[in-house]
Amino acid sequence: MSRVLEIVLCLSLEGWRPSATGRSRTVQRDFGAELGRAWRICPQVKMRRGHERVTIEPCQVVEAEPSPGANWRTWVESAESRRVVASRTQAFAPGVTLRETFDTAHADVAVAGAASEPVSPTAPAGPHEQADGAESPSSVKSPAAAVAPGTAGVQLVCERRRGRWADDSGVSVEMTLDDMTIHDGAATRRHCELRLTAPDWGTVEARAATLRALFAAARELSGAWPAFAQLASLIDRACDGALATAAPVRARSVDLSRMTTQRDALAALAGDITIHWLGNEAGVLDHEDPEFVHQMRVALRRLRTLMRLFPHYANGGWSEAFEADLRWLAGLLGTVRDWDVFSTESLPALIEADGDSAAAWAGTLDTARAQCTTARADVRQALHSARYARLTLGWLEWLSAFALPADPAADDAPPLRQHAAKRVRRLFERLASVPPLATLDAASRHRVRIDAKRLRYALEFFASLASRHTRIDTVKTLSRVQSVLGEVNDAVVALHRLEELAAPPYQVGFVRGYAAALERHAVSVAETLLAALRPPKVGGKES
């Protein structure tokens, strides 16, 4: 049995132009070959010469060892020979997978091939041709062919290159670069993926060294071309029937009730936020649905709120490493979100409210939609940038340290329940002490909305430690406060956008009056809601 830790990087093809070379106008530049040549410059990298063409088809596991918390994935690889690859995977940390493959001692693993006929045992390929994770054919039973649900007709055709990265740490990282063409019944598309694996010896020290080597290799290799961390490999997603981008990913509830330390709670909550963030990345890049942008932006807001709740771990080093880049990305997403809301919600509502003059708004609406398209293009460009690649890799590396056991002597943070009660109490007191909203200017009222949102996020994080009234009624009231004040903020943003677009004076004046009327109503409603709030109960105590 082999056992490795693995991280997966996607190499963006944005900006790659397969133009003709100087020697021959008919020869096109090969992305994988040029990338391999660039990597050979690095002293730590040894690339194998040549490449192989591999066809991958998912197949179904018929019988396997019980694997609580793990997933079996099985596929057929066809290169010079056909063989079945069987692996069992488990999440080690967000973006880091623990993968096991099995030798002849595990002859009870039975699979069914994806082809129309059973997969026949073949002689093992040589060491340079054997695929990562390939089963020895003698260890695989080959019953009648069967296709895994959701994978019918899925085929990945790969141009595969291999290499090795090693430094003075003694850890050797295996590199597998697959330039894939995806055939799944939809339009044929391309995906370039780099998988980095290193042996998992099971000890804390060895795992720490392996994680350092994996991320060091990822940083070094992404210097030749931006490489972006992925939560799962394309092959695993193909086996799961999850190649197509699904609905936007939303935040989930995390059960902290059995946890006693801040460290464990932070790791669990940050892991969920990472899935919330990176799970919407493909949707932002490939789809026009504004909800993908909204959910990625919410994930970053929740991340920054989470780190404020755990200052023991969000020390100066964390802020220096991530704060500026998170603000940069959140700002780009915020601009898209503002134009999305303005062009699809606020402006249509204003046009409807104006009634007889609706036709005069057509030019403004068209300009707003064009601005939204431009802002969305800016975000997509940012998600293909080296800066974003460094941000995501750095975040996953920081978070992976929490998968290793803590040093009890070094972790002197107060217990989780005590800490949660204290942080929630402070957030509530801040919100409860605000002056009457009618006496505040627009910027101050917006800060009240932010305070309500931070308290709501905190209560959602600690929901499993809170009373029923707190996690349901209090959160619902805070959500209403946020929504009511958010409508006012949307109207203010709409006014700023109209001024930015140099809209006709009539339209600017109409929105200014509309916003003033909405503001008076919202202030009254929000005051009533805030007055009804009672101190939340978290950790069994009134906070």
Side-chain angles (χ1 to χ4, degrees), residues 4-19 21-23 28-52 54 93 95-97 99 127-133 158-180 190-201 206-230 233-235 321 325 383-398 400-401:
V4 299
L5 291 177
E6 173 186 85
I7 64 176
V8 181
L9 305 175
C10 170
L11 291 120
S12 171
L13 295 168
E14 183 76 12
W16 174 259
R17 296 292 180 265
S19 59
T21 65
R23 290 178 296 176
Q28 299 296 303
R29 296 164 60 204
D30 184 309
F31 180 74
E34 294 207 9
L35 197 56
R37 282 194 289 270
W39 284 339
R40 288 191 188 101
I41 299 173
C42 175
Q44 289 92 351
V45 174
K46 301 296 181 184
M47 294 296 296
R48 297 177 188 171
R49 296 291 177 181
H51 67 283
E52 60 179 336
V54 180
V96 182
T97 299
R99 187 179 298 275
H128 294 288
E129 288 78 32
Q130 183 84 6
D132 284 352
C158 312
E159 298 295 330
R160 176 169 291 175
R161 291 173 169 81
R162 296 181 183 277
R164 179 173 294 177
W165 183 97
D167 64 5
D168 296 337
S169 68
V171 178
S172 179
V173 176
E174 293 295 324
M175 304 162 50
T176 303
L177 175 67
D178 278 347
D179 191 345
M180 306 184 195
R190 190 178 170 195
H191 180 90
C192 196
E193 180 174 281
L194 175 65
R195 297 186 298 280
L196 303 176
T197 61
D200 174 44
W201 303 113
R207 280 182 165 173
T210 295
L211 288 172
R212 285 194 299 270
L214 284 171
F215 283 103
R219 285 192 302 272
E220 184 77 30
L221 296 169
S222 65
W225 192 265
F228 305 91
Q230 303 291 288
S233 74
L234 189 76
I235 297 174
D325 287 339
L383 296 187
H384 286 296
S385 69
R387 183 176 185 180
Y388 181 71
R390 289 193 300 269
L391 169 61
T392 52
L393 274 174
W395 166 247
L396 292 179
E397 182 176 17
W398 184 86
S400 69

Q: Short question: side chain of Asp167, backbone of Ser169 - any donor-acceptor pair under 3.5 Å?
A: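 Indeed, once roles are kept as given, a pair shorter than 3.5 Å links the two residues.
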Q: Going by heavy atoms in the side chains, are Leu9 and Leu221 under 4.5 Å from each other?
A: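 Heavy-atom side-chain distance check fails, nothing below 4.5 Å.
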Q: Taking side chain as C-beta onward, heavy atoms only, is Leu194 less than 4.5 Å from Trp39?
A: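 Yes - at least one pair of side-chain heavy atoms lies under 4.5 Å apart.
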Q: Quick one: does Thr176's side chain get under 4.5 Å of Arg160's, heavy atoms only?
A: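 Yes. Closest side-chain heavy atoms under 4.5 Å.
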Q: What is the distance from atom CZ of Arg219 to atom CG of Leu214, rounded to the nearest 0.5 Å?
A: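 One finds 10.5 Å between CZ of Arg219 and CG of Leu214.
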Q: Tell me, do Thr210 and Asp200 make a side-chain contact under 4.5 Å, heavy atoms counted?
A: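 No; the side chains remain at least 4.5 Å from each other.
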Q: Provide the closest heavy-atom pair for Cys158 versus Met180 in the form atom of the first, atom of the second, distance.
A: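 In this case the closest contact between Cys158 and Met180 is SG-CG, 3.6 Å.
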Q: Write down the atom of Ser400, the atom of Ala93, and the distance for their closest heavy-atom approach.
A: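 Ser400 and Ala93 have their closest heavy atoms at CA-CB, 3.9 Å.
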Q: For a quick test of reading the model, state the closest non-hydrogen atom pair linking Gly95 to Ile7 and the distance between them.
A: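 Answer, listing the atom of Gly95 first, then Ile7: O-CG2, 3.4 Å.
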Q: Would you say that Thr197 contacts Arg99 through its side chain, given a criterion of any heavy-atom pair below 4.5 Å between the two side chains?
A: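 Thr197 vs Arg99: side chains apart.
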Q: Which pair of non-hydrogen atoms, one from Cys192 and one from Leu177, has the smallest distance, and what is that distance?
A: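 Smallest heavy-atom distance, with atoms named: SG-CD1, 3.8 Å.
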Q: Within a strict 4.5 Å, meaning less than it, do heavy atoms of the Leu396 and Val96 side chains meet?
A: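 They are not in side-chain contact.
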Q: From Arg162 CZ over to His51 NE2, what is the distance, rounded to the nearest 0.5 angstrom?
A: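 One gets 13.0 Å once the value is rounded to the nearest 0.5 Å.
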Q: Verify side chain to side chain contact (heavy atoms under 4.5 Å, CB included) between Asp325 and Trp395, making sure each step is shown before the conclusion.
A: CA-CA 11 Å; Asp325 287 339; Trp395 166 247; over 6 Å; no
Q: Return yes when atom CZ of Arg164 has more than 12 non-hydrogen atoms of other residues, nucleotides or ligands closer than 6.0 Å, and no otherwise.
A: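 Incorrect, the count does not exceed 12.
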Q: Output, in order, the C-alpha distance, side-chain angles, deciding distance and verdict of side chain to side chain contact (heavy atoms under 4.5 Å, CB included) for Leu35 and Asp179.
A: CA-CA 11 Å; Leu35 197 56; Asp179 191 345; over 6 Å; no
Q: Measure the CD-CZ distance between Glu174 and Arg195 for me, rounded to the nearest 0.5 Å.
A: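 Rounded to the nearest 0.5 Å, the CD-CZ separation comes out at 12.0 Å.
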Q: Just so I know, are the side chains of Trp201 and Val171 near enough to count as touching, which here means a heavy-atom distance under 4.5 Å?
A: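 No - every pair of side-chain heavy atoms lies 4.5 Å or more apart.
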Q: Would you call Val8 and Glu6 a side-chain contact if the rule is heavy atoms closer than 4.5 Å?
A: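 With C-beta onward as the side chain, the pair touches.
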Q: What closest approach, in Å, do Phe228 and Ser385 show between heavy atoms, and which atom pair accounts for it?
A: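 So the two residues come closest at CE2-O, 3.2 Å.
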Q: Ignoring hydrogens, what is the shortest heavy-atom contact between Ser222 and Leu393? Give both atom names and the distance.
A: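 That closest heavy-atom pairing would be OG-CD1, 4.2 Å.
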Q: What verdict does the side chain to side chain contact (heavy atoms under 4.5 Å, CB included) test give for Met175 and Leu196, after you've listed the backbone C-alpha separation in whole Å, the side-chain angles of each residue and the deciding distance to 0.1 Å?
A: CA-CA 5 Å; Met175 304 162 50; Leu196 303 176; 3.7 Å; yes
Q: Does any N or O in the side chain of Glu193 come within less than 3.5 Å of the main-chain N or O of Leu234, such that one atom is a donor and the other an acceptor?
A: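 Present.
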Q: Nearest 0.5 Å, please: how far is NZ in Lys46 from CZ in Arg48?
A: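 Taking CZ in Arg48 and NZ in Lys46, the distance rounds to 13.5 Å.
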Q: From Leu13 CG over to His384 NE2, what is the distance, rounded to the nearest 0.5 angstrom?
A: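 The NE2 atom of His384 is 9.0 Å from CG of Leu13, to the nearest 0.5 Å.
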